[in-house]
Peer 1: 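Quick one: the structure is below, questions incoming.
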Amino acid sequence: HIQTDLTKDGAIFPSKYSTTNNYEQFAEVFTTYILSPDTLKKLSPKSYEWIDSHMRNALAFEYE
């Protein structure tokens, strides 16, 4: 169940547990991005854009 609790900067907390610390918030936003990206994009475009840009950068990285 995804909650729509937003911080003042528009970040989303996907569950009550994700409010316990930043690590859990990231883990649950990441999981939502992977399992239901359209839901994350609808509920928190800012969170979606943040994680999407980081994922794209990580996937484009080339090891030497």
Side-chain angles (χ1 to χ4, degrees):
H1 168 45
I2 296 176
Q3 296 181 352
T4 57
D5 298 337
L6 300 175
T7 64
K8 63 183 174 185
D9 65 352
I12 194 170
F13 293 98
S15 73
K16 191 171 188 173
Y17 187 69
S18 68
T19 65
T20 59
N21 62 53
N22 290 341
Y23 300 110
E24 295 305 331
Q25 181 187 17
F26 171 79
E28 294 202 13
V29 167
F30 175 79
T31 301
T32 305
Y33 174 81
I34 296 298
L35 299 177
S36 188
D38 292 336
T39 300
L40 181 61
K41 193 173 191 177
K42 178 181 174 186
L43 293 177
S44 181
K46 184 173 184 173
S47 294
Y48 176 87
E49 291 300 326
W50 181 84
I51 202 152
D52 187 61
S53 70
H54 283 77
M55 289 296 294
R56 289 180 187 280
N57 287 339
L59 293 172
F61 183 79
E62 294 184 25
Y63 293 96
E64 295 180 13

Peer 1: Between Ser18 and Glu28, which heavy-atom pair has the shortest distance, and what is it?
Peer 2: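 Nearest pair, atom of Ser18 first, then Glu28: CB-OE1, 3.7 Å.
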Peer 1: Is it true that Asp38 and Lys42 have a side-chain N and a carboxylate O under 4.0 angstrom from each other?
Peer 2: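 No, no charged N to carboxylate O under 4.0 Å.
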Peer 1: Take Trp50 and Lys46, measure what side-chain contact (heavy atoms from CB on, under 4.5 Å) needs, and give me the verdict at the end.
Peer 2: CA-CA 6 Å; Trp50 181 84; Lys46 184 173 184 173; 5.7 Å; no
Peer 1: Could you state whether Ile51 and Leu35 fall into the same hydrophobic cluster, counting links through intermediate Ile, Leu, Val, Met, Phe, Trp or Tyr residues with side-chain heavy atoms under 4.5 angstrom apart?
Peer 2: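 Yes: a chain of side-chain contacts under 4.5 Å links Ile51 to Leu35.
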Peer 1: Hey, mind stepping through Phe30 and Met55 against side-chain contact (heavy atoms from CB on, under 4.5 Å) and telling me if it holds?
Peer 2: CA-CA 10 Å; Phe30 175 79; Met55 289 296 294; 3.6 Å; yes
Peer 1: Would a distance-only check, ignoring hydrogens and angles, find a side-chain to backbone donor-acceptor pair under 3.5 Å from Thr31 to Ala27?
Peer 2: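 Yes, because the side chain of Thr31 sits within donor-acceptor range (under 3.5 Å) of the backbone of Ala27.
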Peer 1: Taking all atoms of both residues into account, what is the closest heavy-atom pair of Val29 and Leu40, and its distance?
Peer 2: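 Looks like O-CD2, 3.8 Å.
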Peer 1: More than 12 foreign heavy atoms under 6.0 Å from CG of Asn21: is that the case here?
Peer 2: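 Counting other residues, nucleotides and ligands, CG of Asn21 exceeds 12 neighbours.
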Peer 1: Would you confirm whether Ser36, through its side chain, and Thr32, through its main-chain N or O, come within 3.5 Å as a donor-acceptor pair?
Peer 2: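 No, because the side chain of Ser36 does not come within donor-acceptor range (under 3.5 Å) of the backbone of Thr32.
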Peer 1: Nearest 0.5 Å please: distance from the CZ atom of Phe26 over to the NE2 atom of His54.
Peer 2: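 Nearest 0.5 Å value for the CZ-NE2 distance: 8.5 Å.
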